[in-house]
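Computed from heavy atoms alone, side chains included, the values below leave out hydrogens, waters and symmetry copies. For ligands, and for the atoms within them, numbers begin at 1 and follow the listed sequence.
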Amino acid sequence: MRHYLDHAATTPLRPESRDEWLRVASNVGNPSSIHESGQAARRELEDARERLAATLDCDPIEVVLTSGGTEAVNLALKGLWWARDPGSDSIVLPDGEHHATLDAVEWLRTREQADVRPVALDEVGRIREAAFVDALESAACATALAANNEVGTVNDVAGLAGRAASSGVPLHIDAIAAFGHVPVSFRGWRGDARAHDGLVAMSVSAHKIGGPAGTGALVVSRHARLTPLLHGGGQQRGLRAGTQDAAGAAAFAVAAELAVAEREAEAERLRGLRERMVAALRERVDGIEMLGDPHARIPGNVHLWIPGALGETLLFLLDQAQVSVSTGSACQAGVPEPSHVVMALGRDDAQARQVLRVSLGVTSTDDDVDAFVAALPAAVERARAASGPRPGVRS
Ligand SMILES: Cc1ncc(COP(=O)(O)O)c(C=O)c1O
């Protein structure tokens, strides 16, 4: 039996979400058509938008549906940049962001001469607030993760949003790894910020919470100034042209409602599994260390530094033992990269290659934990033998 412990990469589709997708997709109708078929699709779509807005604590009109998290992040960052005030040419970019953000900002740097202001993380992966505040000075826009998808650390979003509001800078929050796992409230985080200041946009993605891949949303405050990426039929306040996907929206809404309704009980359950896993690993794997914030973290995320064992070797050996985990970092042309997130925690290149991300979710059981705990020690032994001397071990 396969043990899937990579819920941060993607989650199994919830049966309720799949059924809802099939139900809505079985009816023909473009939500923009005037006739009854179109209007029926429109009702499904708007009902889904309302339900989604309730789970995100925002107004339905603020929910702009997209083809996923990556599009939402690109719309936010490029959209805010293109609509910036003349003379503000800087983007505030914390270290350790997801590649959707890093690569969109890099594109703006090389193509549009954006001045990128990096912000350091602390040793557990939290954004350093004082450095964030310094970087905000007359910036065009800022971005930040609500929770880090690799090491699981949760940021103080209300605090960052308040700082952006006081500095008069529009802020995008990538809530893709946080939504469904920690409380998310667009209204609460935005507070009483004026017009275009503070939190104005927030990205979420359906496949991280049991919904279908290829569906996401950008929550866009009604006061935000945002230039669209796509031009066409003027749908969604002109911010995201294109025929709207009523079935995807409905399936996303069902998954979001379930994730939010079950969140607290599920967090408690996953914390229990996590603690049991960590205690067993400490006994069995010499030198193992947990990275990220031990308290303010995504409940199902376990991020491990295993000195002397290459993450990609462990991943391969665990895969053979029927356990799916991740190193969390990307491959460039098939070559595994050291994790830029782990390096942002102050670890070196060698250490940033000796990590594993285990992410638990709704389908995770004691059995999954036991299988991982049973398979890891032998995998570590083989991976350490394969890498020779242990370069990442600190004295
Ligand atoms: C924090 C974060 N941002 C953005 C994305 C991209 O989202 P999507 O896979 O829906 O394009 C992901 C997915 O891995 C993520 O974890």
Side-chain angles (χ1 to χ4, degrees), residues 4-13 17 21 52 56 63-79 93-107 121 125-127 142-155 157 160 171-182 184 201-219 229-230 240 245 248-249 251-253 255-256 259 292-293 296-303 324-331 337 339-342 344 355 357-361:
Y4 184 79
L5 293 173
D6 199 12
H7 287 78
T10 197
T11 53
L13 185 62
S17 179
W21 190 92
L52 211 41
L56 296 162
V63 176
V64 177
L65 294 158
T66 64
S67 67
T70 300
E71 184 193 329
V73 169
N74 272 264
L75 172 58
L77 295 172
K78 292 173 184 166
L93 177 71
D95 291 343
E97 291 287 309
H98 187 271
H99 266 283
T101 294
L102 292 180
D103 292 16
V105 172
E106 179 58 13
W107 187 88
L121 306 183
R126 200 192 331 270
I127 296 169
T143 189
L145 282 165
N148 188 287
N149 52 292
E150 235 177 274
V151 295
T153 300
V154 176
N155 281 306
V157 179
L160 298 175
L171 170 70
H172 162 251
I173 288 293
D174 174 344
I176 292 166
F179 185 42
H181 303 285
V182 295
V184 165
M202 181 175 86
S203 318
V204 288
S205 177
H207 77 103
K208 305 289 185 182
I209 55 161
T215 297
L218 183 67
V219 178
L229 291 177
L230 302 181
R240 205 281 185 173
D245 175 10
F252 189 7
D293 192 313
R297 61 182 304 105
I298 299 171
N301 174 295
V302 189
H303 197 275
S324 305
V325 294
S326 164
T327 59
S329 58
C331 275
E337 299 264 289
S339 159
H340 70 285
V341 178
V342 175
V355 289
R357 178 187 68 186
V358 182
S359 47
L360 307 163

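Residue Arg240 comes nearest to Glu71 through the heavy atom pair NE-OE2, 2.8 Å, listed as atom of the first residue, atom of the second, then distance. In terms of heavy-atom proximity, Asn155 sits nearest to Ile127 at OD1-N, 2.9 Å.
Here the side chain of Glu97 pairs a donor or acceptor atom with the backbone of Leu145 at under 3.5 angstrom.
A heavy-atom cutoff of 4.0 Å around ligand 1 is satisfied by the protein residues Gly68, Gly69, Thr70, His98, Leu145, Asn149, Asp174, Ile176, Ser205, His207, Lys208.
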Using distance only, find each side-chain donor-acceptor pair of residues 207-219 under 3.5 Å and give its atom names and separation, not counting sequence neighbours.
residue, atom, partner, partner atom, Å
His207, ND1, Thr10, OG1, 2.6
Lys208, NZ, Ala8, O, 2.9
Lys208, NZ, Ala9, O, 2.9

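For His7, the ring-ring contact (aromatic ring centres under 6.0 Å, His included) criterion is met by Tyr4, not counting sequence neighbours. With sequence neighbours left out, the side-chain hydrogen bond (donor to acceptor under 3.5 Å, both in side chains) criterion links Asn301 to Arg297.
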